[in-house]
Each structure stands twice: as structure tokens, then as C-alpha cells.
K.L.:
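The structure's right below; bear with me while I get my questions together.
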Number of protein chains: 2
Amino acid sequence: MTATTPQPPTKAQLLELVAALGTAQWQDFAAAAGRHGLTSVQAKLLAQLKGPVPMRGLATLLVCDASNVTGIVDRLEARGLVRREPDPADRRVKNVVATDEGRETIHRVRAEMQATHTALDALDEDERTTLYGLLERLRPGMEHRA
Amino acid sequence: MTATTPQPPTKAQLLELVAALGTAQWQDFAAAAGRHGLTSVQAKLLAQLKGPVPMRGLATLLVCDASNVTGIVDRLEARGLVRREPDPADRRVKNVVATDEGRETIHRVRAEMQATHTALDALDEDERTTLYGLLERLRPGMEHRA
DNA sequence: CATGGATGCTTGATGTGGTCAAGCAACTCG
DNA sequence: CGAGTTGCTTGACCACATCAAGCATCCATG
């Protein structure tokens, strides 16, 4: 059942498969976030905070309106997972940083994505390298969206 | 450019890459749907309708509450993209079917996912076959989520 | 400088998507 | 027949998405 397949998959099939996987991983992420009382969007925002990020930057990263970020950060801040601090260089800007608890929480969420982790275990190192290489070639084209 | 890479990617890196690709594809899908006046969820529902599907089935497919489906189908029906028809075998059930316009619309949405299509063009047939095989091995583990 | 235009953030209005609890109609099975 | 189950809708409520408006601050140009 290995590659004796003379039939390469349709672009549509491949597309569908990528979509299914993306969805599955997203569900897994959302479920893990939910166990910690976070919505998936809140968790996604938290995941971006490796350092201080201005509100505007978060809007860009999340591909949404800036006014939207205000509310999400409000709720995260209310739970003490995130802090707004003034930017020393520009008083308009508020930089968002994860608190210790915030970092801890998002770390756990990632670790708890069991379905995704066990799925990846199905591949050995060579296969992962191959997959990584192929996926990386797909990425750039996805990004230059208008 | 075959496997002379001695460094296999971390699971975390691979995971992140899959997530990024899934997000990019989703954005592409949402944008295409938006151009036709549909939200991404509406388009996703429409994409499931290859035949008649009961409301309950849609809830399962979309992994959400049945009460949620009511509203989404309401809005699609108001635009004439979808119809509710009674199930001959069970009068409780309402089967949702896409209208001609609905099928046409979702078909166009798929076709307009330019970023995704051009990304896939970066791979030749062999690579697509390889990728498909690898991704398929990932899928089952993603699905048996509780 | 001074002032006009950009930029960063928040607020408010509005629509959609998500949950849950409750309700009704219809099926099923003892 | 009657009790329980299932399928769908409704209503209440919150999160998230957009847009338009507003305010503070920055910046560039005169």
C-alpha cells in the first residue's frame, strides 16, 4: 500500500485534506484552551506574546480590526494572564505582555493538544523532515495575500 | 535538495507550520467567501451539502450545537442558497439541500482561493503525492478526539 | 514653533457565531 | 397506550467581528 500509486492526488483532494487537518488541529487547540477557561481566540492571542506587542501589532497578527483586540485583551487582563504597559517611546502605544500565569497557561494548552501530538508521532524523523520541507514550500505563497 | 538535512524539525516547529498553513488557507477561504457576501461559517456549511443533510448532521459535521445550525441555515435560506425540505421517512427531520445558486456560489468560492491554489502549484506531481501520503497518515490520529 | 494630517487605542452600535436550557413535535419501544 | 428519546426551534447570554467616531499623541512641513 506504499507508493505504487500512479495517480497523483487532485489539487482539490490535497486542498481538502489540508483543510481537514487544519480544522482538526484547531478543534484540538480550542478544546485544550477551553479546559483552561479560554476561548480559542484568546489562546491564539496569548500564543503570540513572546515579548511585548503593541495592540496594533496584535491586530495585524490576528488579521482583525484593532477595536476587536481591545476586548480580547480586556478579558485576558481581567484574568491576570496579560498586562498592558505603556510604551516608553510612544505614549499612544500600549504594549501587551503575558504575565507569568499567562505564559504558564498557554504552555499548558500547547502541551495538552494530545490529538495533534499523537498524530505527529505517526511519522518518523525522516518523514517529518520531508513533510516540513514540503510544507515550507507551500507557505510563502499563502502569505502574500492582498 | 533531498534529505541531506541532518536536523529533523522539532515537533513544535512542525506543529507551528501546520497551524500557520491552516490559518492561511482559512483566511483565503474566508476572504473568498466574503467576496460573495458569505461568512466563513456559512460557506463551510454550504461546502458540506453534496446531498441532503439533516440539521443534526450539519451540527455534527461543523462540531457545534444544533441550535447554532438553525440560525446559519436561516440566513443561507434567506439568501436562497439553501432549502429546507421535509424528510419523507421522519417528519421531525428537515433536510438541508443547496439550491443551484448555492452550489454555484460555493463552487466559485473554492475556485477563488487563489493564494491556496498558487501555493499548491509550487509542488510537482511527485511531491504532491508524497505530501498527500504523509498528511493522510496524520489524519486518523486527529479524528478520534473525544 | 505651530498646525494639519497620520497613527494608536477605545467606545458604541450592530450582526453573526457559540453555548445552554426549555419547549414542542414526532418517532420508538415496552 | 404511554414513557422516554430524538430533531428542531426559541430565547437568553456572551464572545468576536466589523464599522464609524472620538481622543490623545506623534510627526512633518511651513
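Given the structure is predicted, the values throughout are model-derived calculations rather than measurements. Chain naming here is simple, since letters A, B, ... match the order of the sequence lines and numbering starts at 1 in each.
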K.L.:
Restricting to non-hydrogen atoms, name the atom on B:R128 and the atom on B:L120 that form the minimum distance, rounded to 0.1 Å.
P.N.:
NE-O, 3.8 Å

K.L.:
Could you pull out all residues at least two apart from A:R56 that satisfy salt bridge (charged side-chain N to carboxylate O under 4.0 Å, His left out)?
P.N.:
none

K.L.:
Roughly, in whole Å, what's the span from NZ in B:K94 to C1' in C:dC24?
P.N.:
11 Å

K.L.:
If you compare all heavy atoms of A:S40 against all heavy atoms of A:F29, which two are closest, and at what distance to 0.1 Å?
P.N.:
O-CE2, 3.7 Å

K.L.:
Check whether any side-chain N or O of B:R91 sits under 4.0 Å from OP1 or OP2 of C:dA25, and answer yes or no.
P.N.:
no

K.L.:
Provide the closest heavy-atom pair for B:R79 versus B:E101 in the form atom of the first, atom of the second, distance.
P.N.:
O-OE1, 4.2 Å

K.L.:
Ignoring hydrogens, what is the shortest heavy-atom contact between B:V97 and B:L49? Give both atom names and the distance.
P.N.:
C-CD1, 4.2 Å

K.L.:
What pairs with B:S67 under side-chain contact (heavy atoms from CB on, under 4.5 Å), at least two apart in sequence or on another chain?
P.N.:
B:D65

K.L.:
What is the separation between atom CG on A:L38 and atom P on C:dG18, rounded to the nearest whole Å?
P.N.:
18 Å

K.L.:
Check DNA chain D against residues 39-58 of chain B and give the residues with a non-hydrogen atom under 4.0 Å, in numerical order.
P.N.:
B:P54, B:M55, B:R56

K.L.:
Counting only heavy atoms from other residues, nucleotides and ligands, does the tally under 6.0 Å from CD of B:E16 exceed 12?
P.N.:
no

K.L.:
Would you compute the distance between atom CG of B:L131 and atom CZ of A:R137 and round it to the nearest 0.5 angstrom?
P.N.:
10.0 Å

K.L.:
By a strict heavy-atom criterion of less than 4.0 Å, which residues belonging to residues 67-77 of chain B are in contact with DNA chain D?
P.N.:
B:S67, B:T70

K.L.:
Could you tell me the boundaries of the chain A footprint on DNA chain D, defined by atoms under 4.0 Å from its heavy atoms?
P.N.:
D:dA15 to D:dC26

K.L.:
For a quick test of reading the model, state the closest non-hydrogen atom pair linking B:A43 to B:I106 and the distance between them.
P.N.:
O-CD1, 3.4 Å

K.L.:
Using nucleotides 3-7 of chain C, report all nitrogen or oxygen pairs with the protein that are shorter than 3.5 Å.
P.N.:
| residue | atom | partner | partner atom | Å |
| --- | --- | --- | --- | --- |
| C:dT7 | O2 | A:R92 | NH1 | 2.5 |

K.L.:
Which heavy atom of B:P54 sits nearest to which heavy atom of B:V93, and what is that distance?
P.N.:
CB-CG1, 3.6 Å

